[in-house]
Amino acid sequence: MNSKPPIRVRDATDSDLPAVHAIYAHHVLYGLATFEETPPTVTVMAERRQTILDLGLPYLVAEIDGTVVGHAHVVPYRARPAYCNSVENTVYVTNGMDGRGVGSALLGQLIARYEAGPWRQMLAVIGDSGNTGSIALHRRFGFRPVGTLEAVGFKLGRWVDTVLMQRSLGTGSATPPDKAR
């Protein structure tokens with residue numbers, strides 16, 4: 001019998017932003033997954049979310065028993081038009097909730113939504129080559145390592161690598177993109 005409470009993934013609302021902020025602020029202050037060093041305010045987080053929504057992209061949260069325990073979204077990989085079919089994912093989980101399936105639930109939902117659209121590549125830019133949890137999560141969902149940028153960040157008193165991973169979406173590079181984009 002499975003006694004773990006279910007993880008519900010849904011679109012984030014304005015009322016989720018304080019919880020999203022708290023999760024991200026912890027990673028900013030104590031982790032290497034992000035190279036930000038000062039947590040953005042809730043207002044800045046709301047502006048970032050709105051920018052993502054204005055692009056027609058989802059911003060998700062995961063909750064257990066009504067409590068937000070993670071968030072995820074994608075952003076365009078780069079601004080130049082040739083990159084318009086590629087996105088970069090972001091997944092953050094509440095400190096202490098690692099290994100409970102929250103990241104998997106969020107990343108799985110992102111991939112499902114993007115598989116159904118015109119996008120062809122999803123990238124993960126993972127702060128810290130020692131971030132074995134995030135690297136393993138992405139591998140489970142079909143991402144493959146495509147490179148490591150060594151010592152490109154300096155945070156928490158040490159040099160930090162960035163691991164690049166990539167996964168095809170839909171037909172990937174097997175066919176040209178839709179002209180409508």
Side-chain angles (χ1 to χ4, degrees), residues 9-12 17 20-21 23-24 27-28 31-40 44-62 70-93 103-155 159-181:
V9 176
R10 59 175 175 76
D11 290 307
L17 288 173
V20 167
H21 174 265
I23 292 166
Y24 186 64
H27 287 280
V28 169
L32 299 170
T34 175
F35 284 8
E36 279 196 84
E37 295 182 321
T38 303
V44 169
M45 296 284 294
E47 291 167 356
R48 291 178 182 179
R49 176 177 161 261
Q50 191 58 54
T51 298
I52 291 166
L53 296 176
D54 289 347
L55 292 170
L57 305 173
Y59 198 107
L60 307 176
V61 293
H71 61 94
H73 62 272
V74 300
V75 294
Y77 174 61
R78 299 259 174 112
R80 292 190 174 119
Y83 293 112
C84 72
N85 298 103
S86 298
V87 292
E88 177 184 335
N89 78 64
T90 296
V91 177
Y92 285 98
V93 175
S104 291
L106 286 163
L107 186 55
Q109 184 62 233
L110 281 180
I111 291 169
R113 289 192 185 196
Y114 284 87
E115 286 277 326
W119 298 277
R120 299 302 184 86
Q121 301 294 325
M122 184 177 283
L123 298 134
V125 180
I126 300 170
D128 188 17
S129 57
N131 189 343
T132 57
S134 185
I135 293 167
L137 169 67
H138 284 86
R139 278 187 194 273
R140 281 194 307 276
F141 281 90
F143 286 78
R144 68 189 191 291
V146 293
T148 299
L149 303 174
E150 297 176 351
V152 293
F154 190 84
K155 186 175 178 188
W159 288 105
V160 184
D161 299 340
T162 297
V163 175
L164 305 175
M165 298 182 79
Q166 182 174 347
R167 178 194 196 284
S168 292
L169 298 169
T171 61
S173 60
T175 61
D178 298 337
K179 297 273 187 219
R181 294 208 28 124

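Hydrogens, waters and symmetry mates play no part in the numbers below; they use all other heavy atoms, side chains included.
Using cut-offs of 30° and 60° for the angle between ring planes, the Y77 and Y83 rings count as perpendicular. Y92 and H27 have tilted rings, their planes meeting at an angle from 30° to 60° on a 0 to 90° scale.
In this structure, Q50 CD and L55 CG are separated by 10.0 Å, a value rounded to the nearest 0.5 Å.
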Test log, rule side-chain contact (heavy atoms from CB on, under 4.5 Å), inputs V74 and W119 | CA-CA 11 Å; V74 300; W119 298 277; over 6 Å; no
Full working for side-chain contact (heavy atoms from CB on, under 4.5 Å) between L123 and N89 = CA-CA 6 Å; L123 298 134; N89 78 64; over 6 Å; no
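Distance alone, capped at 3.5 Å, is enough to place a donor-acceptor pair between the D161 side chain and the A151 backbone. Checking side-chain atoms of H21 against main-chain N and O of L17 turns up no donor-acceptor pair under 3.5 Å. In this structure, the side chain of R48 does not engage the main chain of P40 through any donor-acceptor pair within 3.5 Å. Although no hydrogens or angles enter the test, the distance criterion places no donor-acceptor pair under 3.5 Å between the side chain of K155 and the main chain of A33.
When all heavy atoms of R140 and S104 are compared, the pair lying nearest together is NH2-OG, 3.4 Å. R120 approaches T171 most closely through the heavy-atom pair NH1-OG1, 3.0 Å. For the pair M122 and L107, the tightest heavy-atom approach, listed with the atom from each and the gap, is SD-CD1, 4.4 Å. Considering all non-hydrogen atoms of both residues, N85 and P177 come closest at OD1-CB, 3.4 Å.
The closest side-chain heavy-atom distance from V61 to R10 is below 4.5 Å.
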